[in-house]
Amino acid sequence: MDFEDTPEEAEFRAEVQAWLKANAPKNASANAFSADLNEAEALKIAKEWQAKKADARYAKITWPREIGGMGGTPIQNVIYSQEEAKYALPGGFFDIGLGMCIPTLLTHGTPEQAERYTKPALYGEEIWCQLFSEPAAGSDLAGIRTRAEKDGDEWVVNGQKIWTSGAHYSDYGILVTRSNPDVPKHKGLTFFFLDMKTPGVEVKPIKQISGGANFNEVYFTDVRIPDSQRLGAEGDGWKVSLTTLMNERAAIGGGGGALGSDELLKLFRGIEMHDGPAINNMAVRERLADWYVQGQGLKYTRFRSLTALSKGETPGPENSIGKAVSAPRGQDYTSFALELMELGGMITDPDLAPLKAGFQSGWLFAPAMRIAGGTDEILKNIIAERVLGLPGEIRVDKDTPFNELPTGH
Amino acid sequence: MNFDFSDDQKLLKDQANKFLQDKCDLTVVRRILDGDELYEADVWKGIVEMGWTGTAIPEEYGGIGLGHLELCMIAEELGRSLAPVPFSSSVYLATEALLIAASEDQKQKYLPALAAGEMIGTLALNEGTQAATPRTIKASYSGGKISGTKLPVPDGDIANFAVVAVKTGSGSDEGAISLAVVDLTGEGVTRTPVTTLDPTRNLSNITFDNAPAELVGAEGSGWSTIRQVLDRAAVLTAFEQVGGADAALNTAKEYALGRYAFGRPIASFQAIKHKLADMYIKNELARSNSYYGAWALSTNAPDLPAAAAGARIAATDAFNFAAKENIQTHGGMGFTWEFDCHLFYRRAKLLSVSLGSALSWKDKLVSELEKRNAA
Amino acid sequence: MDFEDTPEEAEIRAEIRAWLSENAGKFDEGRDRSRPLTGREVIERSKAWQKIKADAGYAAITWPKEYGGMGGTSMQNVIYGQEEAKFNMPGNLFLIGIGMAMPTLMVHGTPEQRERFIRPALYGEEVWCQLFSEPGAGSDLANVRTRAEKDGDEWVVNGQKIWTSGAHYSDWGILVARTDPTKPKHKGLSYFLVDMKAPGVEAKPITQISGAHHFNEVYFENLRIPDSMRVGAEGDGWQVALTTLMNERQAVGNMGSSVGIEEFIELARQTELADGPAIRNAAVREKIADWHIQSEGLKYIRFMSLTALSRGETPSPRASISKAVNAPRKQDLSAFAMELMDLGGIVRDRELSPFRGRFQEEWIAAPGIRIAGGTDEIMRNIIAERVLGLPGDVRVDKDTPFNEQPTGF
Ligand SMILES: Cc1cc2nc3c(=O)[nH]c(=O)nc-3n(C[C@H](O)[C@H](O)[C@H](O)COP(=O)(O)OP(=O)(O)OC[C@H]3O[C@@H](n4cnc5c(N)ncnc54)[C@H](O)[C@@H]3O)c2cc1C
Ligand SMILES: Cc1cc2nc3c(=O)[nH]c(=O)nc-3n(C[C@H](O)[C@H](O)[C@H](O)COP(=O)(O)OP(=O)(O)OC[C@H]3O[C@@H](n4cnc5c(N)ncnc54)[C@H](O)[C@@H]3O)c2cc1C
């Protein structure tokens, strides 16, 4: 047992380090999800950086070389991410496209489509978004109602999507629609990709509780999509979506949050309570220890998965615990940090609150982390069913035609 | 990166698992629970024959000189099977204390005998129903004799000798504490088994009345040795806890799949599904922290105190949770003597209070973080 | 610990104290304390004390006078409970009779049944047990299979009950049995009063995890029950049982502890941690505060329920909160007390453990409290469904005839 790289891994790491040192842009710390972002500027820096990465084949390390990847191993991918994480780089704009949309296109699209869209996505020239969730279809994704009706060689789409991250700066999107409401819900779906500039597509920003507006409502009014942009057969939309979702969960299960135990320790040292510095208070220490141990647990769980990858094996089911732990943990410790600041915990002015109000913005974003990409509850269902082999929910919606299902508000 | 046990180590684990399944299933544990024997002598004999007692003892002292990673693998299986043997006292506590602090003569005298199972040792720390601290240790040593009472001493009625924490200085600071090795079968030692919540393991009330003793390590160095022993034992015990928690989760799962209420398996109720998912999450966090502890232990890394505390905290939480929610999943059946759930509930608690409470380990862990990030 | 009383409460308290110091004080005079009481002696002692209380009207303070109660207020009842707890008086023998069976008779019983049973129960002359649960019917109580068949003026009962607390020393039992297996499960049940000494009733002990014997299996073989011992109409057993269950949750939720927060505080004062007495440790203090506010919260819920009871109303399902909070709280509090005792926490020896090992006994009993009379999970379902009005679980068993239901192992 050791944490050392193998000789090949060490060599690769050295290459990556050298390349990053020579190429990483300085002082570009903006992230697609931060609230105080000058988005246009961040996007510009991010696109430049993405193009550089793509040129050096670091943009998609595990993809084959023919389509612009490096043909590398998963462990090389991890090594790159570890090294890149040491720099403050713009991120978050291309993950949906490269992590979910293009892989789906590669699996289900034509060779020409793959050829046409992969490279621009890789170079950050075209940004993609995911048009899945709807007001009545989130956890229960198969409940979507956006309608697609065939009209000759085209489909006419009407309906509404919601929570679409980055729709306002995206060039393309992947879309799940209902093409046949008379069959059970998982059977009547069809999957497309489309140009976000198609007439009839309207993007309205949603203001989040954090004050930022990273996601949107997207309305479709008589939007015409050529049948050639259908991915998978008519009625097979659910299966195609599963390809996307598998990629989504694999992508999101990655690294930890920006704030860690070191920041908490620093905060607790700096805060005076009635009987001395917070860090000397045993109730504070107990929590810090718990969060630290959870963080370590996640880190070393990742290391276990990486070890499997490094040996060319498939990681075990243990990596499914990641977000179910990190999301509530992030909410708990940011919330506790605010408590300790007393009334000052409410201050969001980055010049006045510790760590540029990082705990405050973390706390505001925490609820979203517990929802996006599978809620806490859905993740536990997945652990119970897929890892432990417990039975699924008793379903009342599996065999009934979609238009006969009860709906609620 | 290779954050995993080697194939040889896993093979050892499989062997341990097979041996214990074969020789030490829960009916064997029950025999100790219900009877008057202090431990399962046959299982112990098998363990000794396979050399587990000498796993981490260097060959020059009669051990097989493997190492702590191998010991971790064995510990996990002992924990899973709830084996009623004095392994932890003799191997994690007494052997480690001697490896750290004993003189060459003492090592020659005790380690080969420990490896060969001719002797069983323990560590006598607590005095009464509170934490052992330099302030609460009152047993005294002078002129080669010790006097005082140790309660409870793990496996104290089984062991031939104990490494005993004694007071040699006048103050109440750490420098006032030393360790002394005492023959428990010799003069001046009175031992009585104590009734406890886990009758599958022995705990003893031992009174020393001018019992002959010999210091282990320099006078006044006892507390620093204890600290190191506890760190090592915490990692090894964490593996026992992970094994136990895993077994409790499996028991709960099997029962939930077969038990019907309201016309469906109780495993299909989300309250039960999420309960078991929570167990799984805690168990994996514990396992990962324990792996890191194992690495730190096997390399004697400077981070060992923090790694040990992490393993200890996560594994204690996991086993306590799995054990109590396993009963809960069984409903009334879980509350019967006949079902095995209570064996896990009892053992989880014993391991949780051994080596000090979770609270004290959390305190230690934060102290380590503070040291690492000097203000 | 004490709370300020209003002047009126203080007066009641003074009265009760005077009565208790007179009666409870001398109750145990002359008892040989050098040996523990035998099971038989515990029962005799409980009965003797119950009679003294009943004579003075303290056995059921909130019951109407017509039933031998005091017609008193909930507040009086609570004060009485607090004061009696200061003496080591025998307790729970009459929990089922007075807490569950008699309140059920008050609602559903015939005048003759009330006349016959209420007074002897109150005076401790007859002890009751609850013959509800079966191997295949616990949480899902309506699943009982014990059969009662009509034969003239009598019912012939065959089947098996389990977990019957105190069956081995009880005089009477309340029984739910299936009178019509061709109806859906909730519809074919009836409710009876059983003479436990009648031929055809056999109790076999079950040992609990603590090693003690409190509950039993009870077998019925051609037991004959006169129809006059039926409570409620034939087929209405489920409705009647619900009244019992509501009262049970109330009774169990309010069950006193042999150790509570006062003892815990005392323990924390006595116990040295590495850095001083535990009571000074902020993490310990935080727990004390949490447990304290929980018990305060429960106290007021209890007031409301007692008020309902004393008006002869069925207590609100809100009482479910008591049990849902109290049971895990007992487990947590005792477990943490044992942690404070370090390795010594595992010692189960009255002579060696603080508070004569009561924390240890509480800990080993606690898992049973989380299960008996409705598990934690069932309590939450009840709160969700009956208090908050959320829908029930999807049921697969409601309308199927009983003899067609799946069973598991
Ligand atoms: C920051 C952010 C970014 C997002 N970006 C995108 C995006 O780019 N594209 C996109 O398509 N979507 C996106 N989403 C939407 C996201 O996928 C959904 O919000 C999520 O799947 C939950 O769906 P919902 O909001 O409809 O909640 P619901 O599904 O209505 O859930 C409400 C509550 O019910 C619970 N629940 C539902 N079903 C079950 C069940 N079977 N068992 C137990 N509990 C259940 C949930 O856990 C939750 O607590 C984003 C969301 C967030 C917060
Ligand atoms: C100490 C003690 C004393 C008792 N005394 C008596 C007595 O005197 N008389 C008597 O009749 N009975 C008595 N009981 C029995 C008690 O009422 C039952 O044990 C209890 O109702 C649970 O039923 P079960 O044991 O069959 O467990 P099950 O119903 O099999 O439950 C097993 C697990 O499944 C869960 N579960 C079941 N259904 C659901 C659901 N719908 N949603 C979510 N989770 C679910 C439960 O919460 C539990 O965790 C006693 C029990 C104990 C422990």
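Letters A, B, ... are given to chains in the order of the sequence lines, protein chains preceding strands, and every chain is numbered from 1.
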Looking at [options], which makes the most heavy-atom pairs under 4.5 Å with chain A?
options	result
B:Leu276, B:Leu369, B:Ile313	B:Leu369
B:Tyr280, B:Phe5, B:Phe269, B:Tyr291	B:Tyr280
B:Ser268, B:Ala311, B:Ala256	B:Ser268

Nearest atoms (heavy-atom pairs only) where A:Pro391 meets B:Leu257: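 Looking at all heavy atoms of both residues, the shortest contact is CD-CD2, 3.7 Å.
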
Which atom of B:Ala277 lies closest to which atom of A:Ala384, heavy atoms considered: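 For B:Ala277 versus A:Ala384, the nearest heavy atoms are CB-N, 4.4 Å.
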
side-chain contact (heavy atoms from CB on, under 4.5 Å) assessment of A:Leu306 paired with B:Phe3: CA-CA 8 Å; A:Leu306 292 183; B:Phe3 189 55; over 6 Å; no

Return the [atom1] to [atom2] distance between [X] and [Y], rounded to the nearest 0.5 Å.
X	Y	atom1	atom2	result
A:Ile383	B:His274	CD1	NE2	9.0 Å
B:Lys253	A:Leu390	NZ	CG	7.0 Å
B:Lys282	A:Gln294	NZ	CD	7.5 Å
A:Asn280	B:Asp363	CG	CG	9.5 Å
A:Thr301	B:Arg287	OG1	CZ	10.0 Å
B:Asp4	A:Glu313	CG	CD	8.0 Å

Output the option from [options] having the highest count of non-hydrogen pairs under 4.5 Å with chain B.
options	answer
A:Asp5, A:Ile75, A:Asp290	A:Asp290
A:Glu9, A:Glu286, A:Gln296	A:Glu286
A:Thr6, A:Ile279, A:Ile79	A:Ile279
A:Asn381, A:Leu288, A:Asp262	A:Asn381
A:Ile394, A:Val325, A:Leu298	A:Ile394

What part of [X] is in contact with chain B, defined as an atom under 4.5 angstrom from a non-hydrogen atom: side chain, backbone, both or neither?
X	result
A:Met1	both
A:Tyr292	side chain
A:Leu265	side chain
A:Lys311	side chain
A:Val78	neither
A:Glu4	backbone

Side chains of A:Arg285 and B:Lys362 in contact at under 4.5 Å (non-hydrogen atoms):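 With C-beta onward as the side chain, the pair stays apart.
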
Heavy-atom side-chain proximity of B:Lys273 to A:Lys380 below 4.5 angstrom: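 Answer no - side chains too far apart.
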
Trace of the side-chain contact (heavy atoms from CB on, under 4.5 Å) decision for B:Thr299 with A:Asp2: CA-CA 9 Å; B:Thr299 55; A:Asp2 61 61; over 6 Å; no

Validation row, ring centre A:Tyr300 to ring centre B:Tyr292 under 6.0 Å: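 Aromatic pair counts; centres sit under 6.0 Å.
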
A:Arg269 vs B:Asn373, side-chain contact (heavy atoms from CB on, under 4.5 Å): CA-CA, chis, key distance, verdict: CA-CA 11 Å; A:Arg269 273 186 171 139; B:Asn373 297 269; 3.9 Å; yes

With a 4.5 angstrom heavy-atom cut-off, could you sort out which part of [X] is near chain A: side chain, backbone, both or neither?
X	answer
B:Leu69	side chain
B:Ser367	both
B:Asp278	side chain
B:Ser6	neither
B:Leu365	side chain
B:Ile281	both

salt_bridge(B:Glu284, A:Arg304) N-O dist < 4.0 Å: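 Yes.
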
So does [X] have more than 12 non-hydrogen atoms from other groups sitting under 6.0 Å from [atom1]?
X	atom1	value
A:Glu342	CD	no
A:Gln82	CD	yes
B:Lys10	NZ	yes

Polar contact flag, side-chain donor to acceptor under 3.5 angstrom, A:Arg302-B:Ser288: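 B:Ser288 and A:Arg302 do not have a side-chain donor-acceptor pair below 3.5 Å.
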
Test item: B:Asn289 side-chain N/O and A:Val293 main-chain N/O as donor-acceptor pair under 3.5 Å: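 Confirmed, B:Asn289 side chain pairs with A:Val293 backbone.
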
side-chain hydrogen bond (donor to acceptor under 3.5 Å, both in side chains) against A:Asp376, all qualifying residues, sequence neighbours excluded: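 If we apply the side-chain hydrogen bond (donor to acceptor under 3.5 Å, both in side chains) test to A:Asp376, skipping adjacent residues, the hits are A:Arg370.
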
